[in-house]
Structures are given as C-alpha cells and as structure tokens.
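So that the names make sense, note that chain A is the first sequence line, chain B the second, and so on, each numbered from 1.
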There are 2 protein chains.
Amino acid sequence: MANSDPVYLRVVEDLRRQIVDGTLPPGAPIPSRHQITRKYSVGETAARHALRVLAQEGLIIGRVGSGHRVRERPTLLPLHRTRTTEPLAAFAADVQSGGRHPTCTWRSELADAPPEIAQRLRVSEWSPVIRVRSVLRGDGRPLQLLTSYEPVEFGQSQAPEEGSGERRSAAFRLAAGGTPITEIGETVHVRVPQPTESDLLELPAGVQVLHVERTYWAGDRAVETTDAVIPGDRFRLVYGIPVSL
Amino acid sequence: MANSDPVYLRVVEDLRRQIVDGTLPPGAPIPSRHQITRKYSVGETAARHALRVLAQEGLIIGRVGSGHRVRERPTLLPLHRTRTTEPLAAFAADVQSGGRHPTCTWRSELADAPPEIAQRLRVSEWSPVIRVRSVLRGDGRPLQLLTSYEPVEFGQSQAPEEGSGERRSAAFRLAAGGTPITEIGETVHVRVPQPTESDLLELPAGVQVLHVERTYWAGDRAVETTDAVIPGDRFRLVYGIPVSL
DNA sequence: CGCGCAAAGTTGGAGTCACAGGTAGCGGCC
DNA sequence: GGCCGCTACCTGTGACTCCAACTTTGCGCG
C-alpha cells in the first residue's frame, strides 16, 4: 500500500513501529546506514534520511562512532504550577523530589518594556521595568530559564544586581507588604528554542520547549509577569484545578 | 568566529536572523537552493540542509514549484482550561470566539484499561472501561483529539455508540446526580505526534503536540480521565490559578 | 596476562548529479 | 483583449562519493 510513498518513509515507519511496540527496547542498537541500505534495499541517502527523521522525532539518538540507539525515554519530571508567589520554592521542591540539588543564579537590570511585556503588565510600551533573568539548575545542570518583569514602582533596586539563590520577587514583596496577590494567569505554548536558549539549556537537537507566561495580579493591577522556558523532553506541567461548583 | 561550525549553520543563522528581526517579513520569498549556493558559496547539500532546518523550526514553509516563504505565524488560539465538567463547552467557546464553528464527533466502546490508564483511574490493570474517542473540529477542520476513559460503573451504555455533538461525560453525569467533582488534575507535556494523530489532525511536518492528561476526582475516587492531543502550532493553553492565601 | 594501539565501523558534514511533479509567468494565438 | 499552453524555475526525493572525527574491538607485543 502507498507504494508511491518516498522510500525513506518505509524505513522510518518500520523502525518506528518496532520502537513503539517494544520490539526495539530503549537502548537497543538501530541498524547502521550500511545495514539499512542492505536490509531495506534502499540507497544510502534514504537510510540517512530515515535515521535523521527518527532522531528529529526524539525516538533514537545517534553518537558519532558508536551508532544509533533507541532513546531512553527520560521520565518526565513533574513541575507543579501552584498557587504560590514564590515560583522558586515549587521548582526547588520538584527538583529535590527528583533527587537533585536545586540551585539558581539571577541577574537583574533596568530595561524598557517591549510591546508584548507592556501589554501583559498593562503599562505603556517601552516604559521602564526591572528585568530579572534567572537560570534554574538541578545538580548544576540547567533545567529552566526564567525571565521576569516588574514595573519599576514595585521593584526594589533599579541598579543592576547579580546573585544566586532566592531573590524576592515583586509579587512576594507586595504580598508580604499587605497587598495580596489575588490571581495568577498562565498561558502555555510550545515553540522551537532560540539558539541562546538551546545553548543555555544544553538542549539536544529536535527538542522543543514549553513557554509558560505567568502574570501575577493584585486586584486589577498586574504586579509581575514571568516567562519560563522549559525543556519539553524533561518536564511535564502539573495543574490542580479546584472545582468551585 | 566559530569558523569550524558546519557551513549550513552559517546559512541557517543568517536567514534566521533576517526572519526574526523582520528583514524578511512573513510571506517574503526565501532564496532558492541554487541562489543560496551562489550567494553563500556553499554546496547544494548545505543549502538544502539549511532550508530543511528552517522549515523544521517552523520559520519557513516550502511548496513544490513555488519556493520557500517566511511562514505567517498563526496567532495561537487560547484554549481555556477551566473548572468545568464539560470540556466541550470550553472548547466550543474558545473556537467560537476565534470566529469558527465548533463541531464534534465521537465513538464510544468497551475496552480494557492499559496500565497507564488504570493507574490514573485507580483501577486494576486491564479492567473494563468505556473509551470514548472524539475529534473536535472548527469549521470542519480537525483541531483537537480527545480520548476519555470512564470505569464501567460510571458509564451509561457499554455498547459501542457513535454520535456527534454533545456526549455527557461520566463526570458531568455524576455531578448532575449529586456526586460533585471536587478537583481536576491536569498534566501537560510535549511530544511528537503519532502517525495516526498527524493524519487525523492534518499536521504539517515538524509540528509537535501538546498532550494534556486530565483526571476528574470526586473525593478520592477518580471518575474519568481524558487525553487531549492539541496541535502545538495553533493553540496555547490558558490557566487561571486562584490564590487562596 | 595485561595493556596499548591500530583497524574497522559509524555518524555527521559536504559536494555533485539527476529526475519527477508542481507553479507561475510570459508569449503567442484566437 | 483575453485565454491557453509552454517554458523556466523550484522543491522533494534519491543515488553516489569523499572525508573528518569518534568509538569499539580485537590483536599483537611487551
């Protein structure tokens, strides 16, 4: 059937079937290019193309010199998106329960709000905000990128700062100061990582990222908004949705 | 710098820069393979490879005969993950506000709970469940796949059924019958679509999907669990997290 | 018997050529 | 002036080749 399909797809489909149905378990070696050319009677281009597609899909992983193997599907670590004003605490708990030691480094500076951020914070475009870029790590390996924006009037210091570990967010400080956060809005989408993100997160090829935009509201005022960039191959987001009926 | 980088990456980076900074606006034509070989003094392989990578990243789209163009970035339709026992209602509202007409077809049948589903429903493996597969559409185009599982004791009819439009879920029927749903748990992750999903959703190459697992709880009893498969290039998930502090 | 090194095998990058099928624009014909 | 067909161009796929870098394995030598 579908004899007009590209040749390489025949190879892709056969190997994929064997991987998903367990004939080829995680760690099992995949036939090499030359073996594929012989086994399926295809050219080397088709064999190479098939392997590339499967690697891109994340089903196999190739290492120079030692061949392709079925990728061990990493267990997706849960990331609890909870009702707290201190996202680091939740992250730390999740990482620790995964048996790793969480750390965090950050750098804050004054910046102008680009249109999208301005809209999310309900401030005018290019108005001054404090931008904090954080890298969250587990056992030293980068796991998540966090960029948060606070209007300057909520920020503490407008001078560039750097540090590691906890940094009190605007949301946290306002909550402690008697202005409680009333709601958190999040939107989640998938996208291809930018080169710098791919670099910082040490992402293998083909991995997409979850981009989570979170905005903290105190009444009708947006207090802080953050962008989280999360490797799609290592995490799953966990939401608890209370039913108020 | 980085002169040892693969040649095709030079092309990818140059074109990507032009696309993201707006030099090449959406719809603009991308140089063809032959033009790239001349302009960047690279071989045809490198040109081809560069175009493939950019297409895989979703930045450009190629059509046989008419060349590559910068992809119009589709606005990500919001999908509100709300505290309702009738997911179709939320979906319908979101699709309608996007100016499209929502429809739904479904098919229910008796099945044995595979291990993962059994665990989510807190029933023993391979115990009988009712499985409902739905395809949600907007203006006739498939937008989302939904598979839900209910333990037979909550299900209505064990005979295979088929239909379109509303189908009362176990969660809804229990709630109406006086057993209120107390919590909804969701986990979100990204993955490569399976061939059948790619087919049903008419996904272009390189698009990954959001996989949302939702479980309805009535007290400590799992009433129903659903898997939603959502094209990652067209939707973003929206969560409202009330703060109970 | 053990260790090191060389050879064989593998991936990833790169070049070249070829061909089928599709698009679009231009020119000629009615 | 309008319509039709042809041609040039483009993509997707495929074959064949070469090479650098790396891993593994097994053989030979000390």
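The NE2 atom of A/H189 lies 5.0 Å from the NE2 atom of A/H211; values are rounded to the nearest 0.5 Å. Atom CZ of residue B/R71 and atom CD1 of residue B/I61 lie 5.5 Å apart, to the nearest 0.5 angstrom.
Applying the 3.5 Å distance criterion, the base of C/dG12 shares no donor-acceptor pair with the side chain of A/R63.
To the nearest angstrom, P of D/dG14 lies 10 Å from CG of A/D5. To the nearest angstrom, C1' of D/dG14 lies 11 Å from CZ of B/R33. Across the protein-nucleic acid pair, B/H68 atom NE2 and C/dT23 atom C1' stand 14 Å apart, rounded to whole Å. Atoms CD1 (B/I30) and P (D/dC10) sit 14 Å apart, rounded to a whole Å. Rounding to whole angstrom units, CD1 of residue B/I60 and P of D/dG12 are separated by 8 Å. Between the P atom of D/dT13 and the CZ atom of A/R10 lies a distance of 15 Å, rounded to the nearest Å.
At a threshold of 4.0 angstrom between heavy atoms, the contacts of B/H34 with the nucleic acid are absent. Nucleic acid contact for B/G43: sugar-phosphate only, since backbone atoms but no base atoms lie under 4.0 Å from a heavy atom of the residue.
Not a single donor-acceptor pair under 3.5 Å links the side chain of A/R100 to the backbone N or O of A/R141. The backbone N or O of B/T147 sits nowhere less than 3.5 Å from a side-chain atom of B/R133 that would complete a donor-acceptor pair.
Nucleotides of DNA chain D nearest to A/S41 and B/V64 differ in position, and the one nearer the 5' end is that of B/V64. Between A/Q35 and B/E44, the residue whose closest nucleotide on DNA chain C is further toward the 5' end is A/Q35.
A heavy atom closer than 4.0 Å to some atom of DNA chain D occurs in A/T45, A/A46, A/R48, these being the qualifying members of residues 45-58 of chain A.
For the pair A/Y8 and D/dG14, the criterion of a side-chain N or O lying under 4.0 Å from OP1 or OP2 is not met. The phosphate of D/dC10 (OP1 or OP2) has no side-chain N or O of B/S66 nearer than 4.0 angstrom.
Of all heavy-atom pairs spanning A/P231 and A/L143, the tightest one is CD-O, 2.9 Å.
For B/D227, the salt bridge (charged side-chain N to carboxylate O under 4.0 Å, His left out) test picks out B/R120, with sequence neighbours left out.
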Problem - Steps toward side chain to side chain contact (heavy atoms under 4.5 Å, CB included) verdict (A/E57, A/L54) - result: CA-CA 5 Å; A/E57 290 185 1; A/L54 288 170; 4.3 Å; yes

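The side chain of B/V42 has C/dG15 as its nearest neighbour among C/dG12, C/dG15, C/dG13.
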